[in-house]
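To start, the structure under review is shown below, and the notes come after it.
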There are 2 protein chains.
Amino acid sequence: MNLKQLAKHLNLSPTTVSRALNGYPEVGAETRRRVEEAARKVGYRPNPHAMRLATGRSHAIGHVLPSDRILMIDPHFSDFIAGAGDVYSASGFDVMLHVGGSEAEETVYKRYAQSGAVDGVVVMGPRLNDFRIALLTELELPFIVHGRVGDLEEGYAWLDIDNRGAFRQATKLLTDLGHRRIGLINGNEAMTFATHRRQGYEIALKACGLNADPAIMTSDAMTEENGYLQTKRLLLSDNKPSALLFSSMLFVSGAMRAAHELGLQIGTDVSLIAHDDGLPFLNAEGLVPSLTTVRSSIRAAGSRVAELLIEIINNPEAAQPHELWTVDLIVRGSTGPVPRT
Amino acid sequence: MNLKQLAKHLNLSPTTVSRALNGYPEVGAETRRRVEEAARKVGYRPNPHAMRLATGRSHAIGHVLPSDRILMIDPHFSDFIAGAGDVYSASGFDVMLHVGGSEAEETVYKRYAQSGAVDGVVVMGPRLNDFRIALLTELELPFIVHGRVGDLEEGYAWLDIDNRGAFRQATKLLTDLGHRRIGLINGNEAMTFATHRRQGYEIALKACGLNADPAIMTSDAMTEENGYLQTKRLLLSDNKPSALLFSSMLFVSGAMRAAHELGLQIGTDVSLIAHDDGLPFLNAEGLVPSLTTVRSSIRAAGSRVAELLIEIINNPEAAQPHELWTVDLIVRGSTGPVPRT
DNA sequence: ATAAAAATCCAAAGCGCTTTGGAAAAAACA
DNA sequence: TGTTTTTTCCAAAGCGCTTTGGATTTTTAT
């Protein structure tokens with residue numbers, strides 16, 4: 001059943017029915033009631049394509065997976081989108097996902113902008129210097145960044161967690177425990193989040209008069225295997241670190257494997273802290289010993305990012321939101337004093 | 001630039017231009033060439049909303065995440081969609097993702113069907129008895145199932161891997177090695193794939209005159225922690241199994257942790273085999289010892305499912321495709337003969 | 001040469017909605 | 001009471017594309 005039919009059925013014009021349903025003022029209260037009731041009764045749903053064509057708005061949000069991630073669609077992404085999805089469907093937005101393929105990422109955004117296929121996009125996994133900000137600004141396609149682009153804070157909307165603060169805090173916990181040699185197993189530092197984490201780590205070290213040692217710092221794809229390999233390498237090196245900091249729980253799986261293999265007791269022989277995005281399949285608390293983490297739910301971030309983007313779309317004139325979430329340090333069993341040699 | 005403008009620019013009617021671009025025969029060869037060239041030069045792209053409204057086809061595929069998975073958007077999903085995404089974008093299809101929210105899953109499908117928001121959907125994570133098959137059939141919304149619905153093989157399109165065969169083979173490898181007590185750490189057996197795996201396991205046991213023992217069989221969410229807990233429980237039980245079979249690599253992470261904790265050597269004290277979906281962040285070969293697996297790339301399945309669905313959409317009269325993929329057994333270091341007690 | 005068939009192109013009518021610019025009726029004002 | 005304002009509704013014109021049903025021209029058949 002379409003608008004015209006519904007209108008005829010009500011002895012009204014399509015105009016009036018459309019207005020009644022969309023909350024326009026120029027329609028009588030009683031008439032509106034009648035229309036709404038009838039619409040509900042017959043289960044009328046406006047054809048989205050027609051609506052989109054007429055209004056130019058799509059009621060859809062685009063998520064374009066960065067091409068440098070398509071070979072490694074990491075599980076962090078799916079949890080983020082799970083959070084966002086809740087909000088989208090509650091607000092009647094569809095989500096349009098673009099992943100991989102031969103089409104250049106840039107082209108996808110251009111197509112989105114030109115065709116009005118989406119009302120806005122969320123930029124995931126921003127790099128230190130990300131071409132997407134300039135591109136989307138020029139295209140005038142509303143967007144929000146999950147994370148930040150290097151240290152750029154103005155000129156675009158973003159929601160980020162305080163990665164620097166988190167790793168500063170985590171590192172400080174370790175130095176407070178007496179650790180002086182702390183390894184960092186980081187994600188790819190072309191990504192802002194990873195660089196921020198390294199910076200937080202360095203700041204805390206400096207606060208103790210320590211210098212970061214590149215020999216015990218790595219920057220790699222966040223996989224179990226890399227966690228294993230790097231941990232093993234570091235723990236077997238001369239002048240090995242007494243504590244390790246990880247950018248992802250995925251690393252930790254491998255790290256524990258390495259520690260066990262080397263016969264090292266976690267929390268006594270070597271201390272471990274990881275950033276925990278709250279991935280549901282990898283529970284830091286369930287590890288033995290339970291893992292000390294800096295924790296921030298990536299899923300909650302997804303929800304909030306979606307909310308903010310919808311606000312931006314509905315009110316483009318408002319100030320661009322900037323949200324920096326603090327990260328909780330949760331001290332558990334994987335951290336302890338430096339072992340005496 | 002829209003159709004009308006392009007047409008005027010070419011001194012042609014919109015009709016002809018549209019036909020030239022869409023490959024209709026009633027347009028001269030030279031004219032078509034001119035049109036195509038001009039379209040390319042000015043970067044003309046038909047407005048998708050207008051196209052959709054006019055044709056009733058959306059050129060979009062829907063992926064609706066089952067509501068029983070939204071709390072646990074597992075990483076298997078993101079790899080599947082990564083594979084599918086390649087194909088979609090190569091074929092000019094958009095993907096519409098629906099995850100969670102308050103709207104009932106059924107309503108989403110109805111909305112899709114009634115509004116033509118998508119041309120087809122892929123059904124992920126089918127259960128033994130899945131309401132979606134009847135629903136989508138009735139809605140006449142083209143669909144394909146990744147997996148199967150129990151033992152139902154007709155009446156819908158599907159692509160599945162031979163889970164039964166895989167676990168039969170894996171179990172047989174273990175029995176051939178002399179194992180007589182083999183534990184199964186399975187995913188949720190409400191899902192077809194998990195039930196099939198259990199059946200394969202049971203068939204292989206029966207072939208040796210063994211009966212499956214529920215005491216060493218579990219069916220749970222595929223998380224690291226469950227892998228750990230169940231492995232530990234089984235390996236600490238009286239009459240403990242000498243080998244374990246896992247439905248996911250995620251389990252294995254936890255399982256290795258448990259084995260190490262108990263001081264058991266993998267491949268000698270206890271043998272391990274897992275199903276490996278080829279998740280990029282969890283490499284079976286990189287484990288120590290490297291893991292014997294039954295392997296089938298979930299990403300490749302995603303690609304193929306997408307291809308098949310597009311074929312179905314383009315040619316609804318053709319026979320429904322059924323593809324059963326064999327699964328490779330890759331023997332590595334985590335399996336060995338039964339330890340003598 | 002003429003008639004029939006084929007090849008090209010176009011005008012116009014949708015697709016189902018929104019929105020502009022009135023018109024008619026009701027209410028408020030003088 | 002007559003006039004102005006407000007309220008309530010509608011007709012019609014898009015949005016940008018596809019597609020039907022010709023019209024015109026060219027080719028082929030007779």
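Per chain, numbering begins at 1; letters A, B, ... match sequence-line order. Keep in mind that this is a model prediction, so the values were computed, not measured.
- Listed by chain and residue number, B/R45 satisfy the side-chain contact (heavy atoms from CB on, under 4.5 Å) test with A/Q114 (two or more places apart in sequence, or in another chain).
- Residue pairs meeting the ring-ring contact (aromatic ring centres under 6.0 Å, His included) criterion with at least one member in residues 87-119 of chain A, sequence neighbours excluded: A/H59-A/F93, A/H63-A/Y88.
- Contacts between residues 18-26 of chain A and DNA chain C, counted as heavy-atom distances below 4.0 Å, involve A/S18, A/R19, A/N22, A/Y24.
- With sequence neighbours excluded, no residue satisfies ring pair (Phe, Tyr, Trp, His ring centres under 6.0 Å) with A/F143.
- Protein chain A contacts DNA chain C from C/dG16 to C/dG21, reading 5' to 3' and using non-hydrogen atoms of the protein with a distance under 4.0 Å.
- Along DNA chain D, the nucleotide closest to A/A54 and the one closest to B/A54 are compared, and the more 5′ of them pairs with A/A54.
- Sorted by residue number, the list of members of residues 27-41 of chain A with any non-hydrogen atom under 4.0 Å from DNA chain C is empty.
- With respect to the salt-bridge test (charged N to carboxylate O, under 4.0 angstrom), the residues B/E37 and B/R33 qualify.
- Around CD of A/E140, the count of heavy atoms belonging to other residues, nucleotides or ligands within 6.0 Å does not exceed 12.
- For A/H49, there are no ring pair (Phe, Tyr, Trp, His ring centres under 6.0 Å) partners at least two apart in sequence or on another chain.
- Across A/G120 and A/L309, no two heavy atoms sit closer than the pair C-CD2, 4.2 Å.
- A/T15 comes within 4.0 angstrom of a nucleotide base, judged by non-hydrogen atoms across all strands.
- By the 4.0 Å N-to-carboxylate-O rule, B/R132 lies too far from B/E106 to be salt-bridged with it.
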Please tabulate, for the side chains in residues 18-29 of chain B, all donor-acceptor contacts under 3.5 angstrom to protein atoms that are two or more places apart in sequence or on a different chain.
unit_1, atom_1, unit_2, atom_2, d
B/N22, ND2, B/S18, O, 3.2

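- Listed by chain and number, the residues in a side-chain contact (heavy atoms from CB on, under 4.5 Å) with B/E153 are B/R148, B/W158 (sequence neighbours excluded).
- Residues meeting the side chain to side chain donor-acceptor pair (under 3.5 Å) test with B/R111, sequence neighbours left out: B/E103.
- Summary of helix geometry: the two end axes of the helix from C/dT2-D/dA29 to C/dA30-D/dT1, each defined by five base pairs via their C1' atoms, are inclined to each other by 50° (rounded to 10°).
- Salt bridge annotation for A/D119-A/R52: absent, with no cationic side-chain nitrogen under 4.0 angstrom from a carboxylate oxygen.
- Looking at heavy atoms from C-beta onward, A/V121 lies in side-chain contact with A/L136 at the 4.5 angstrom threshold.
- Counting only heavy atoms from C-beta outward, the side chains of B/R57 and B/I313 approach each other to under 4.5 Å.
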Find every protein N or O atom lying less than 3.5 Å from an N or O atom of nucleotides 23-26 of chain D, and list the pairs.
none

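- Side chains of A/R299 and A/D86 form a contact here, defined as non-hydrogen atoms less than 4.5 Å apart.
- Nearest-nucleotide positions on DNA chain C for B/T55 and B/S13 put B/S13 closer to the 5' end.
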